[in-house]
Protein chains: 2
Amino acid sequence: MSDASLWTALADPHRRAIVGLLLERPRPVGEIVEACGLSQPSTSKHLRVLRDAGLVRVRQDAQRRVYALDPAPIAELDAWLAPYRELWNRSLDRLGQRLDETSDHHDTSQPTPKD
Amino acid sequence: MSDASLWTALADPHRRAIVGLLLERPRPVGEIVEACGLSQPSTSKHLRVLRDAGLVRVRQDAQRRVYALDPAPIAELDAWLAPYRELWNRSLDRLGQRLDETSDHHDTSQPTPKD
DNA sequence: GTGCTGTATTCCTTGACCGGAATATAACTG
DNA sequence: CAGTTATATTCCGGTCAAGGAATACAGCAC
């Protein structure tokens, strides 16, 4: 459920901006509205999407609602990314090998099998 | 350009499936069509989006076009994710601390400062 | 209670995207 | 050259998401 909506939630630049704001600290809606330059209803709708994706939590503080990041879905993204990161590391290795020919040794965390 | 389209490119489940297929090995279009169960034009259009996002490269092999992953944008995603990963690690730390306390004395109530 | 502040939801319109069908293009074969 | 295979592009109809305006709702102050 939150798996499918997670990507689409982060596909929107405004929502990524909101998530970036909430990375610094939890914020009430009004602060997000001001920082993003969006209208209040639009901001609330984006926050709804982020909430449905499980990316943010709300805490009620008098009339204000303070939104905060929930790190769990981020870990989900990270898990998805893991196998691709390996691919990236392999390509870095190849690049490092090419650079080795001209500059000094750049140690990578993975022992390179020399054949 | 590829920055904005990177997220939207990966927002589509079919395209994530294609990327997953290309993680195993480079493949010609026909193979992707068969594996994904999409029509050939639809697959080509998705591949176009992935190519515009810089996620895949094409190599011509006779009449076939062999698509392969380009790891660079993945690293971009990873870089975006990095600050959030720290947040995740901090929350894991707090969870571990709570689990440590409850393993000592069987008490699930955390020390809440009452104000 | 009334009024005020902060936030959420609904309605509506516009624009983007997806999939299918048909067509176009490119490369090989004979 | 014509014919065939492999892939890309265009056109079209339906669906979905985004933003604005107006409104509804909740919590506080008086």
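We name chains A, B, ... by the order of the sequence lines, and we start the count at 1 in each one. Just so it is clear, the structure is predicted and the values come from calculations on it, not from any experiment.
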| said: For chain B and DNA chain C, what are the first and last nucleotides along the strand, 5' to 3', with at least one atom under 4.0 angstrom from a heavy atom of the protein chain? | reply: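 Both ends considered, the range comes out as dC18(C) to dC28(C).
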| request: Side-chain contact test, heavy atoms from C-beta onward, threshold under 4.5 Å: evaluate it for L50(B) versus L22(B) and give yes or no. | output: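 Counting from C-beta outward, L50(B) and L22(B) never come under 4.5 Å.
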| Are R85(B) and D78(B) side-chain neighbours, meaning at least one heavy-atom pair lies under 4.5 Å? |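 A side-chain contact under 4.5 Å exists here.
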Identify the two heavy atoms, one from [X] and one from [Y], that lie closest to each other, and give their separation to 0.1 Å.
{"X": "V33(B)", "Y": "L38(B)", "answer": "CG1-O, 3.3 Å"}
{"X": "R57(A)", "Y": "L69(A)", "answer": "NH2-O, 3.3 Å"}
{"X": "P73(B)", "Y": "G54(B)", "answer": "CG-O, 3.1 Å"}
{"X": "A35(B)", "Y": "L21(B)", "answer": "CB-CD1, 3.6 Å"}

| query | Where along residues 55-63 of chain A does a heavy atom fall under 4.0 Å from DNA chain D? | reply |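 Within residues 55-63 of chain A, the residues near DNA chain D are Q60(A), A62(A), Q63(A).
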| query | Taking DNA chain D as the partner, which of residues 36-51 of chain A come within under 4.0 angstrom of it by heavy atom? | reply |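 Close to the strand are S39(A), P41(A), S42(A), K45(A), H46(A).
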| Can you list every pair that meets salt bridge (charged side-chain N to carboxylate O under 4.0 Å, His left out) and has a residue in residues 62-72 of chain A, with sequence neighbours left out? |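 For residues 62-72 of chain A, and leaving out neighbouring residues, the salt bridge (charged side-chain N to carboxylate O under 4.0 Å, His left out) pairs sorted by first residue read D61(A)-R64(A).
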| request: Just do the side-chain contact (heavy atoms from CB on, under 4.5 Å) check on I74(A) and L87(B) with the steps written out, would you? | output: CA-CA 9 Å; I74(A) 302 289; L87(B) 184 72; over 6 Å; no
| field | S44(A): which of R48(A), Q40(A), H46(A) passes side chain to side chain contact (heavy atoms under 4.5 Å, CB included) | value |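 Of R48(A), Q40(A), H46(A), side chain to side chain contact (heavy atoms under 4.5 Å, CB included) with S44(A) is met by Q40(A) alone.
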| task | Under the side-chain contact (heavy atoms from CB on, under 4.5 Å) rule, what do L55(B) and L10(B) come out as? Steps first, then yes or no, please. | result | CA-CA 9 Å; L55(B) 279 161; L10(B) 289 174; 3.9 Å; yes
| task | Name all residues meeting the ring-ring contact (aromatic ring centres under 6.0 Å, His included) criterion together with W80(B); count only those two or more places apart in sequence or in a different chain, and write none if there are none. | result |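 Here the qualifying residues are W7(B), Y84(B).
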| message | L23(B) vs V19(B), test: side-chain contact (heavy atoms from CB on, under 4.5 Å). Steps then yes/no. | response | CA-CA 6 Å; L23(B) 175 62; V19(B) 165; 5.8 Å; no
| task | Could you tell me from which nucleotide to which nucleotide of DNA chain D, 5' to 3', there is an atom under 4.0 Å from chain B heavy atoms? | result |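 Counting from the 5' end, contacts occupy dA6(D) to dT10(D).
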